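A short worksheet on the structure shown next.
First listed ligand is number 1; within each ligand, the first listed atom is number 1. Small disclaimer: the values here were computed from a predicted structure and weren't measured.
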Amino acid sequence: MNHRSIAIDGPSGAGKSTLAKRLAQELGFLYVDTGAIYRTVGLAGLRQGTDLSDVAQVAAILPQLTITMGYGKDGLQRMYLNGEDVTAAIRQNEVSACASKVALIPVVRDFLMEMQRKAAREHSVIMDGRDIGTVVLPDADLKIYLTAAPEARAKRRYQELLEQGQHTDFDQVLREVIERDRRDTERETAPLKQAEDAVLADTTDLDLEGSFQLLLGLIRDRLGVKEGQE
Ligand code: DC
C-alpha cells in the first residue's frame, strides 16, 4: 500500500504536536512525535548523570538503550525506555533542555533515524520535528514549516506548564525558548530550517482552531485527502 507522509517542522511552541495530533485523528494518519524520541534519550542521559555536552559520554550510553515507540488504545504515541513507559517523565521541563543537547550529536541522530523512517514506511504519517522535511523524509508528500513569534510561543509554553502544575516565571520560559531556538537552528547536523519545498504557516496571530483550519485546508488542497482516509 502506498502510504502518505506529511512533515511538520518548526521551533518549539509553534503548536506542532497539538495540531499534528488533531490532524492525524481527523485524517486517519498515524501521528509521530519525533521530539519525544529525542526526549527519551535526554531522559536516559539525565538519569545516568551523563555529561550531555560530552559527545563520547553520550555515545557510550546509546548501546545500552532500547527505545521503542508504541500506541495506546487512545491512538496516542507512548515512549518506552528499556521497557519502562516514560511517556509522562519525558515531559518534565528539565528534560526539554537535555533533549535539545543530545539532539546536537550526530551519532544520536543516526541512532534514531531508522525508527522514524520505519514508521513512515509502514503507515501514513503526520510526523513532526525539526528535520523531518529536510533530512528524515525528504520525499514527504507535503512539508509544512510551522512557526510563531518567540513571545507567542513562550506564552503558550508558560500556560502549558501552569496547567501541569509546574510553576515558573514567564521571562525564564522566554529565555529557554530563545536558547532552545538558538541550539536547534545553529547546530551543524540537521539544523532546524525551512525545507525549500515547505509551505510556511505562521500562527502568531492565530488561536488553535484557526491554526488547525489553516493546516487542514492546506493538506486537503495538496493531498486531496478526506476525513478518516488513509
Ligand atoms: O519538539 P520537542 O520540544 O519535544 O523536541 C525536543 C528537542 O528535540 C528539541 O530541542 C529539538 C530536538 N529535536 C530535534 O532535534 N529533531 C527532531 N526531529 C525533533 C526534536
- Give the other cluster members for L76, using side-chain heavy-atom distances under 4.5 Å between Ile, Leu, Val, Met, Phe, Trp and Tyr residues; answer none if it is isolated. none
- Note on the structure: Taken in chain and number order and not counting sequence neighbours, the residues that satisfy salt bridge (charged side-chain N to carboxylate O under 4.0 Å, His left out) with R109 are D131
Pairs under 3.5 Å, nitrogen or oxygen of ligand 1 with protein nitrogen or oxygen:
from     : atom 1 : to   : atom 2 : distance (Å)
ligand 1 : 1 (O)  : R130 : NH1    : 3.0
ligand 1 : 1 (O)  : R130 : NH2    : 3.3
ligand 1 : 3 (O)  : R39  : NH2    : 3.1
ligand 1 : 3 (O)  : R130 : NH2    : 3.4
ligand 1 : 3 (O)  : R180 : NH1    : 3.0
ligand 1 : 4 (O)  : R39  : NE     : 2.6
ligand 1 : 4 (O)  : R39  : NH2    : 3.4
ligand 1 : 10 (O) : R180 : NH1    : 3.4
ligand 1 : 10 (O) : D184 : OD1    : 3.3
ligand 1 : 10 (O) : D184 : OD2    : 3.4
ligand 1 : 15 (O) : R109 : NH1    : 2.8
ligand 1 : 15 (O) : R109 : NH2    : 3.4
ligand 1 : 15 (O) : R187 : NH1    : 2.9
ligand 1 : 15 (O) : R187 : NH2    : 3.0
ligand 1 : 16 (N) : R109 : NH2    : 3.0
ligand 1 : 18 (N) : T34  : OG1    : 3.0
ligand 1 : 18 (N) : R130 : N      : 3.2
ligand 1 : 18 (N) : D131 : OD1    : 3.0

- Sequence-distant partners of N82, side chain to side chain donor-acceptor pair (under 3.5 Å), two or more places apart: none
- Measure up the Y158 and F170 rings against each other and bin them: parallel (under 30°), tilted (30 to 60°), perpendicular (over 60°). perpendicular
- Short N-O contact, K155 and E151, less than 4.0 angstrom: no
- Message: Let's go through E114 and R121 carefully: what are the C-alpha distance in whole Å and the side-chain angles of both, what is the deciding distance for salt bridge (charged side-chain N to carboxylate O under 4.0 Å, His left out) to 0.1 Å, and is it a yes or a no?
- Response: CA-CA 10 Å; E114 176 50 23; R121 280 197 302 274; 2.5 Å; yes
